[in-house]
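Taking it in order: structure first as structure tokens, then the write-up.
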Amino acid sequence: MMNERVNVSPTRRPQPLYAAWLVGSVLIGMVLDVTISEVQSAEPSHRKNVLFIAVDDLRPQLHCYGHDEMVTPNIDRLAAEGRMFRHHYVQVPTCGASRCAMLTGRYPSQPGLYDNEAFATLPRERPAIASLPGLFRASGYRTVSIGKITHSPDGRRDDGQDELPFSWDKTGVPAGKWKTGWDAFFAYADGSTRVPGQTPATERADVSDDGYPDGLIADAAIAELKVLQGQPFFLAVGFFKPHLPFNAPAKYWDLYDPAALPAASNPQPPLNVDPAISLHKSGEMTPRYTGLKEPGVVSEAEARRLRHAYRACVSYVDAQIGRVLEEVERLGMRENTIVVLWGDHGWHLGEHGVWGKHTLHEVALRSPLVVCVPGMPAPGAATDALVESVDIFPTLAELCQLPALEDVSGKTFAAALNDPAAAGKDAVVGFWAGGRAHSIRTPRYRLTQWTTRGNPSQLAQIELYDHQTDPNETRNIAADHPEIAERLASELRANAPLLRER
């Protein structure tokens, strides 16, 4: 059910569970301290709407990204009309922290912001503009969240309050026969939900698109677009798939020949690394679903089915995105609506022997980003500009002529929207393991540093990969090129908040 959330009180006291926001996270409210009156006085004369589409666990496993076997015509069409970013990276390889960084435009700066509890650290009492939709709301836009935009599938904490305060006029998820957002998130076609260790990792059900929740999310978005006609809006639509379990209607499975689907080209851990430090045993998948072996072990037959199921889920969600975009077109909104498609992180499909996210490798930190701006130059031309998720906040603010917010981590990439050949950032950064691990990506290299648990000043492992010669990150060359590793480490210290303090 979608419920109205209007005029959230800034004086409501936080529940004890969320009191941790007082430690450090008040910085977010301080650096984004723009008053509502300041924003409203800077109203743009010609307002563009924003349709923001988030897709969970979506790696660049798309036809437009060069995967010829993929059936993703709707995302491909959006890329042909907009700007596809070949080198977009998220801040953290997990849902909650990645989404929090994107929505606040800030790198993680304290331990609570590195995991799925990141939204619990946000200020609850300060009436500052502390989020991307919050800025639009304060500027007179109608802001609506449908599905998974924050970490919770319905955008709410256990106590019913919004995970992202001061941001939405309306938030929720159509849970259908699954009743609750979390049950819908792990949905099976019969109306049941995941039972850890007792339900399968995949399902091929002979049902229509609304037999799984993403069809209902598309329905809700289409209905909301009709309501939003004639007013400036920021509509965020968060689809569940291809997040586990890999469940999709049968017709999307039938698009693929499982025998023809390529396996990971780099199924082994990189040379010269200790996988116990930097990799994991696929704990999100192998111990939580039936039909799989012991944690960390996936048979070749299981791997073929998982690769097939993931692709079916991607094609299923592509179809739902197409339905929403068709409604934007039908309602005559396309010429005044910026469309953003964003994946919250990547996902290993057997690369380095991992099934899941939660690493600092390329495959977990790189995700799709497509931005379509009405009237943009060179539509359909992709860009190699290096960008990261925190850049989305200042970019959309600039495109919609909203005031720039000082001291956010992100930098606008509007130049790349005007010219696909424009330069991007010199480097982007990623974070993991509660702040013990940091990674920096330049156009050529990736450097990752792991510190010893309990001793953040002691390095446990340094990894350096040359993407010019080794795009699959199969060999750690840090010992062979210490001068490159040290130069990148210096850049990393300059960019990562916690490292600057050490």
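Reckoned from all heavy atoms, side chains included, excluding hydrogens, waters and symmetry mates.
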Judged by atom type as modelled, is there a donor-acceptor pair below 3.5 Å linking the side chain of Asp154 to the main-chain atoms of Val173? no

May I ask you to check whether His358 and Thr94 show a side-chain donor-acceptor distance below 3.5 Å? yes

For Arg47 and Cys400, run side chain to side chain contact (heavy atoms under 4.5 Å, CB included): C-alpha distance rounded to whole Å, both residues' side-chain angles, the deciding distance at 0.1 Å, then the answer. CA-CA 6 Å; Arg47 297 183 172 210; Cys400 294; over 6 Å; no

Salt bridge check: are Arg487 and Glu491 linked by an N-O gap of less than 4.0 Å? yes

Atom pair CZ/OG of Phe52 and Ser145 - distance to nearest 0.5 Å: 10.5 Å

Correct closest heavy-atom pair for Pro242 and Asp57 would be CG-O, 3.6 Å

Verify whether one side chain among Ser98 and Asp344 offers a donor that lies under 3.5 Å from an acceptor in the other. no

Any donor-acceptor pair under 3.5 Å from Asp214 side chain to Lys241 backbone: yes

Given side chains that start at C-beta, do those of Leu135 and Tyr141 come closer than 4.5 Å, heavy atoms only? no

Parallel, tilted or perpendicular: which fits the ring planes of Trp168 and Phe234, with parallel below 30° and perpendicular above 60°? tilted

Could you go through His361 and His348, starting from their C-alpha distance and side-chain angles, then the distance that decides it, and tell me whether this counts as side chain to side chain contact (heavy atoms under 4.5 Å, CB included)? CA-CA 9 Å; His361 281 284; His348 290 249; 4.2 Å; yes

Please find the pair of heavy atoms, one from Leu488 and one from Ile440, that lie closest to each other, and give the distance. O-CG2, 3.9 Å

How about Trp347 and Leu244: do any of their side-chain heavy atoms sit closer than 4.5 Å? yes

Going by atom types alone, do Tyr89 and Glu362 pair a side-chain donor with an acceptor below 3.5 Å? yes

In terms of ring plane angle, is the pair Phe246 and Tyr310 parallel, tilted or perpendicular, where the classes change at 30° and 60°? perpendicular

Atom CG of Leu417 and atom CG of Leu399: how far apart are they, to the nearest 0.5 Å? 6.0 Å

With a 4.5 Å limit on heavy-atom distance, are the side chains of Arg106 and Leu113 in contact? no

Which pairs pass salt bridge (charged side-chain N to carboxylate O under 4.0 Å, His left out) with one or both residues in residues 144-153, sequence neighbours excluded? Asp56-Lys148

Output for pair (Thr359 OG1, Leu365 CG), nearest 0.5 Å, gives 6.5 Å

Can you sort out the partners of Glu388 under salt bridge (Lys or Arg N to Asp or Glu O under 4.0 Å), two or more places apart, ordered by chain and number? Lys425

So, the side chain of Glu81 versus the backbone of Pro379: is there a donor-acceptor pair under 3.5 Å, distance only? no

Tell me the closest heavy-atom pair linking Asp162 and Arg156, and the distance in Å. OD1-NE, 3.9 Å

So, Asp391 versus Thr395: side-chain donor-acceptor pair below 3.5 Å or not? no

Please report the closest heavy-atom contact between Cys95 and His243, naming both atoms and the distance. SG-CD2, 4.4 Å

dist Ile53:CD1 -> Ile149:CD1 (nearest 0.5 Å) comes out at 9.5 Å

Could you give the distance from CD (Gln320) to OH (Tyr212), rounded to the nearest 0.5 Å? 12.5 Å

Minimum side-chain heavy-atom gap Thr150-Arg99 below 4.5 Å: no

How about Ile321 and Val55: do any of their side-chain heavy atoms sit closer than 4.5 Å? yes

Would you indicate whether the side-chain heavy atoms of Arg59 and Glu351 approach each other to under 4.5 Å? yes

Sub-4.5 Å side-chain heavy-atom contact between Phe185 and Trp178: no

Is it the case that Glu163 and Ser152 place a side-chain donor and acceptor less than 3.5 Å from each other? no

Check whether Tyr316 reaches the backbone of Gly215 with its side chain - one donor and one acceptor, N or O, closer than 3.5 Å. yes

Would you name the heavy atoms of Ala416 and Thr383 that are closest together and state the gap between them? CB-OG1, 4.3 Å

Tell me whether Asp426 at atom CG has more than 12 heavy atoms from other residues, nucleotides or ligands lying less than 6.0 Å away. no

Arg86: partners by salt bridge (Lys or Arg N to Asp or Glu O under 4.0 Å), with sequence neighbours left out: Asp384

Do Thr143 side-chain atoms and Asp169 backbone N/O form a donor-acceptor pair below 3.5 Å? yes

We want to know whether Tyr252 and Asp209 form a side-chain donor-acceptor pair, criterion being a heavy-atom distance below 3.5 angstrom. yes

Has Arg311 got a side-chain atom pairing as donor or acceptor with Val71's backbone, closer than 3.5 angstrom? no

Contact summary for Thr72 and Cys64, nearest pair of heavy atoms: OG1-N, 4.5 Å

Between the CG atom in Leu51 and the CG atom in Leu325, the distance rounded to the nearest 0.5 Å is 6.5 Å

Report the C-alpha distance between Asn247 and Phe240 in whole Å, list the side-chain angles of each, state the deciding distance to 0.1 Å, and finish with yes or no for side chain to side chain contact (heavy atoms under 4.5 Å, CB included). CA-CA 10 Å; Asn247 300 343; Phe240 296 165; over 6 Å; no

Under 3.5 Å, is there a donor-acceptor pair between the side chain of His280 and the main chain of Lys357? yes

Do Thr448 side-chain atoms and Glu463 backbone N/O form a donor-acceptor pair below 3.5 Å? no

Step by step, work out the side chain to side chain contact (heavy atoms under 4.5 Å, CB included) result for Phe413 and Val371. CA-CA 11 Å; Phe413 53 71; Val371 181; 4.1 Å; yes

Decide whether Arg446 and Ser439 meet the rule of one side-chain donor and one side-chain acceptor closer than 3.5 Å. yes

Would you check if there is a donor-acceptor pair between the side chains of Trp342 and Ser389 at a distance under 3.5 Å? yes

Regarding Arg330 and Glu327, does a basic nitrogen lie under 4.0 Å from an acidic carboxylate oxygen? yes

Can you find a heavy atom in the side chain of Pro420 that is under 4.5 Å from one in the side chain of Arg83? yes

Under 3.5 Å, side chain of Arg493 to main-chain N/O of Asn495, donor-acceptor pair present? no

Polar side-chain atom of Gln229 near backbone of Val227 as donor-acceptor pair, under 3.5 Å: no

